[in-house]
Amino acid sequence: MRRYQRSIELYEETSKYLAGGVSSNVRYGGAPVPLFFERGEGARLYDVDGNVHIDYVLGNGPAILGHAPPRVIAAVAETLSLGQTYAGQHGRELALARMMTDLLPSAELVRFATSGTEAVQMALRLARAFTGRDRIVKFEGHYHGWTDSVYVSCRPSPNEAGPAEAPVPVAESPGMSPGAYESLLITGWNDLDALARLFETRGSEIAAVLMEPMMVNGGAILPQPGYLQGVQELCARHGALFICDEVITGFRLGLEGAQGRFGVRPDLSIFAKAVAAGFPLAVVAGRRDILETLQTRGVMHGGTYNGNVQSMAAAIAALEILSADGGAVYAAMEERGTRLMKGLRGLADKHGIEMVVQGVPTIFQAMFTKTSPGNYREAAAMDRDRALVFSRALQAEGVRVNPRCSFFLSTAHDDAIIDETLAGADRAMAEIGA
Ligand code: PMP
């Protein structure tokens, strides 16, 4: 039995001073309390009670090179005494901007921000300013940050969400201003006909279609073949912008993210998380004529910490590693992730557990459902309670996943770690039973 006594004590103490004991509501899911960690190294996290965790949460995605990747840490350490943020320009911004525009065909220009949430806001403002239109198409089950303008229909319960053909926008938090999200048009993802119908009726009002090009937050679901191309075409035909939120998928589904993997060219994209391997950085990348309006038309984007020296240094080092030998690290990660996905499926069969393991090898989810979900409504039907039970059983075996049982892979998850994970999953499945 693993013990969490010290975490429990620290959580109680912290809650006296820090609201809810956490700095992000996403962290409430820890068991028995949000755990306290002392350090992370490679694929492992070490908590204050002496428990070691093979970590598949990876900070919710950023730690693509594992925790504390030595080359990134060294590159950042070299800059610490140079200062942090100048409210002025520096060479590392040039180096990273050049690198990103070289690596990503859709990135004619980039602009740096600090979090995914705010970068999405910049992309939406750019889209509205550029097109002179107001409406944004947003998909059920997709998450684009926690602001009033987009924290809508991210995980709606089926009885609130209205009919699948005409979803009702569902605000996901108390305190949101209805005026902030009334310009959203909510529809189902992976359904090109539904989007085509929306464009037929509202086409002249739509500034942009915003999406996770592979759905991750509402259940790991791949775009159907041709779907993203269809969306791109519809957007082009109706003069709307196609915006890919690659906060999770960027530099995870490959060097060119989901857009490279599935072969589309969005007008604007948002990158964050993996791009700086754990340091705070978000990037809006896209068409020159759109991004230029930040200067030529004064479309406002600010941020005190944008382009800070350490985040730039981290991202340069991370992208050097990720892009070496044409992105060779991805092939290795894909191979190990595939083995883990297959291994989990085999174990589920062995234990008679109804489980679908779906996604791509570098980010996938174990879902307790009979059939593979193809959209949010289908994903919402999976057994979330059982996922929670399995995530806890895995934790007891030293394998850390989020309460939805998503697995993020890093370059540090080597073959021995995968073997250890599968052995732990075998015992966890025996524990939860069929
Ligand atoms: N978009 C997507 C697809 C995300 O997954 C997230 C965060 N999980 C965000 C935006 C928001 O990013 P951040 O947490 O950095 O604000």
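In what follows, residues are counted from 1 in the order of the sequence shown. Worth saying up front: this structure is predicted, and the values here are computed from it rather than measured. The figures that follow rest on heavy atoms only: side chains count, while hydrogens, waters and symmetry mates do not.
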Next item on the list: Show the numbers, then the answer: is there a ring pair (Phe, Tyr, Trp, His ring centres under 6.0 Å) between His142 and Tyr376?
Entry: CA-CA 8 Å; His142 292 208; Tyr376 173 71; 9.0 Å; no
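- Side-chain atoms of Thr187 do not come within 3.5 Å of backbone N or O of Leu195 as any donor-acceptor pair.
- With hydrogens and angles ignored, the 3.5 Å screen pairs a side-chain donor or acceptor of Thr85 with a backbone N or O of Thr304.
- Side-chain atoms of Gln121 never come within 3.5 Å of backbone atoms of Ser149 as a donor-acceptor pair (strictly under, hydrogens ignored).
- Legend: residues meeting salt bridge (Lys or Arg N to Asp or Glu O under 4.0 Å) with Glu41, ordered by chain and number and at least two apart, are Arg39.
- The salt bridge (Lys or Arg N to Asp or Glu O under 4.0 Å) test applied to Asp102 returns no partner, not counting sequence neighbours.
- Residues Leu281 and Leu96 meet the side-chain proximity criterion, which asks for heavy atoms closer than 4.5 Å.
- Screening residues 100-122 for ring-ring contact (aromatic ring centres under 6.0 Å, His included) gives no qualifying pairs among residues at least two apart or on separate chains.
- Nearest approach of Phe364 to Gly337, heavy atoms of both residues: CE2-O, 4.1 Å.
- Every residue meeting the side-chain contact (heavy atoms from CB on, under 4.5 Å) condition with Lys370, not counting sequence neighbours, appears here in chain and number order: Glu354.
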Margin query: Under the criterion side-chain contact (heavy atoms from CB on, under 4.5 Å), I'd like the reasoning laid out for Leu185 against Ile206: C-alpha separation, chi angles, the key distance, then a yes or no.
Written below: CA-CA 9 Å; Leu185 296 169; Ile206 297 174; 3.9 Å; yes
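- Note: Arg400 CZ to Leu58 CG = 9.0 Å, rounded to the nearest 0.5 Å.
- For residues 212-236, every residue pair satisfying the ring-ring contact (aromatic ring centres under 6.0 Å, His included) rule, not counting sequence neighbours, is listed here: Trp189-Tyr227.
- For the pair Gln358 (side chain) and Ala220 (backbone), a donor-acceptor distance under 3.5 Å is present.
- Counting only heavy atoms from C-beta outward, the side chains of Phe407 and Leu394 approach each other to under 4.5 Å.
- With hydrogens and angles disregarded, no donor-acceptor distance shorter than 3.5 Å links the side chain of Glu93 to the backbone of Met312.
- Ring geometry for His238 versus Phe199: interplanar angle under 30°, hence parallel rather than tilted (30 to 60°).
- Side-chain atoms of Val283 and Arg111, non-hydrogen and from C-beta on, never get closer than 4.5 Å to each other.
- With a 4.5 Å cut-off on side-chain heavy atoms, Ile248 and Lys273 count as touching.
- Note: Phe242 CZ to Glu233 CD = 11.0 Å, rounded to the nearest 0.5 Å.
- Identified under the ring-ring contact (aromatic ring centres under 6.0 Å, His included) test for residues 288-314, with sequence neighbours left out: none.
- At least one side-chain heavy atom of Gln365 sits less than 4.5 Å from a side-chain heavy atom of Arg404.
- Side-chain contact between Val299 and Arg128 is absent, with no heavy-atom pair separated by less than 4.5 Å.
- No donor-acceptor pair closer than 3.5 Å links the side chain of Glu256 to the backbone N or O of Pro105.
- The pair Arg377-Glu140 counts as a salt bridge, with a side-chain nitrogen and a carboxylate oxygen less than 4.0 angstrom apart.
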For a quick test of your reading: what N or O donor-acceptor pairs under 3.5 Å do the side chains of residues 320-331 make, sequence neighbours left out?
from, atom 1, to, atom 2, distance (Å)
Ser323, OG, Leu319, O, 2.6
Tyr330, OH, Phe251, O, 2.7

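- What you find for Ala113 and Asn306 is that their closest heavy atoms are CA-OD1, 3.4 Å.
- Ion pairing between Arg44 and Asp55 fails under the 4.0 Å rule for side-chain N and carboxylate O.
- Closest approach of Ala68 and Ile73 over heavy atoms only: C-CG1, 3.7 Å.
- With hydrogens and angles disregarded, no donor-acceptor distance shorter than 3.5 Å links the side chain of Glu212 to the backbone of Glu246.
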Next item on the list: Apply ring pair (Phe, Tyr, Trp, His ring centres under 6.0 Å) to His144 and Tyr151, showing your working.
Entry: CA-CA 7 Å; His144 303 289; Tyr151 192 44; over 10 Å; no
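- Residues satisfying the side-chain contact (heavy atoms from CB on, under 4.5 Å) test with Leu109, not counting sequence neighbours, are Arg288, Leu291, Glu292.
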Next item on the list: Give the intermediate values and the outcome of side chain to side chain donor-acceptor pair (under 3.5 Å) for residues Ser177 and Asp148.
Entry: CA-CA 6 Å; Ser177 166; Asp148 285 11; 5.0 Å; no
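- In this structure a side-chain-to-backbone donor-acceptor pair under 3.5 Å is present from Asn190 to Gly374.
- The pair Glu205-Arg202 counts as a salt bridge, with a side-chain nitrogen and a carboxylate oxygen less than 4.0 angstrom apart.
- Val309 is linked by a side-chain contact (heavy atoms from CB on, under 4.5 Å) to Thr79, Tyr86, His90, Arg92, counting only residues two or more places apart in sequence or in another chain.
- For Asp419 and Arg339, the salt-bridge test passes: some basic side-chain N is under 4.0 Å from an acidic carboxylate O.
- With rounding to the nearest 0.5 angstrom, the CD atom of Glu378 is 11.0 Å from the CE atom of Met382.
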Next item on the list: Determine, step by step, whether Ser269 and Gln259 satisfy the side chain to side chain donor-acceptor pair (under 3.5 Å) criterion, reporting the C-alpha distance in whole Å, the side-chain angles of both residues, the deciding distance to 0.1 Å, and the verdict.
Entry: CA-CA 9 Å; Ser269 323; Gln259 53 196 267; 3.0 Å; yes
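- Between the Arg252 side chain and the Gly257 main chain, no donor and acceptor come within less than 3.5 Å of each other.
- Shown here are the salt bridge (Lys or Arg N to Asp or Glu O under 4.0 Å) partners of Glu118, two or more places apart in sequence or in another chain: there are none.
- Look at Lys342 and Glu335 and you find no salt bridge, because none of the NZ, NE, NH1 or NH2 atoms lies under 4.0 Å from a carboxylate O.
- When the side-chain contact (heavy atoms from CB on, under 4.5 Å) test is applied to Ser391, the partners found at least two apart in sequence or on another chain are Leu388, Val401, Cys405.
- A heavy-atom distance below 4.5 Å is not found between the side chains of Lys138 and Val209.
- Considering every non-hydrogen atom in both Ala317 and Ala75, the closest pair reads CB-CB, 3.8 Å.
- In terms of heavy atoms, Thr14 sits closest to Gly21 at CG2-O, 4.0 Å.
- Within the 4.5 Å cutoff, side-chain heavy atoms of Val150 are placed close to those of Thr147.
- The salt bridge (Lys or Arg N to Asp or Glu O under 4.0 Å) search around Glu182 returns none, not counting sequence neighbours.
- Counting only distance, with no hydrogens or angles, the side chain of Arg155 and the backbone of Gly141 share no donor-acceptor pair below 3.5 Å.
- The number of heavy-atom neighbours closer than 6.0 Å to CD of Glu431, taken from other residues, nucleotides and ligands shown, is 12 or below.
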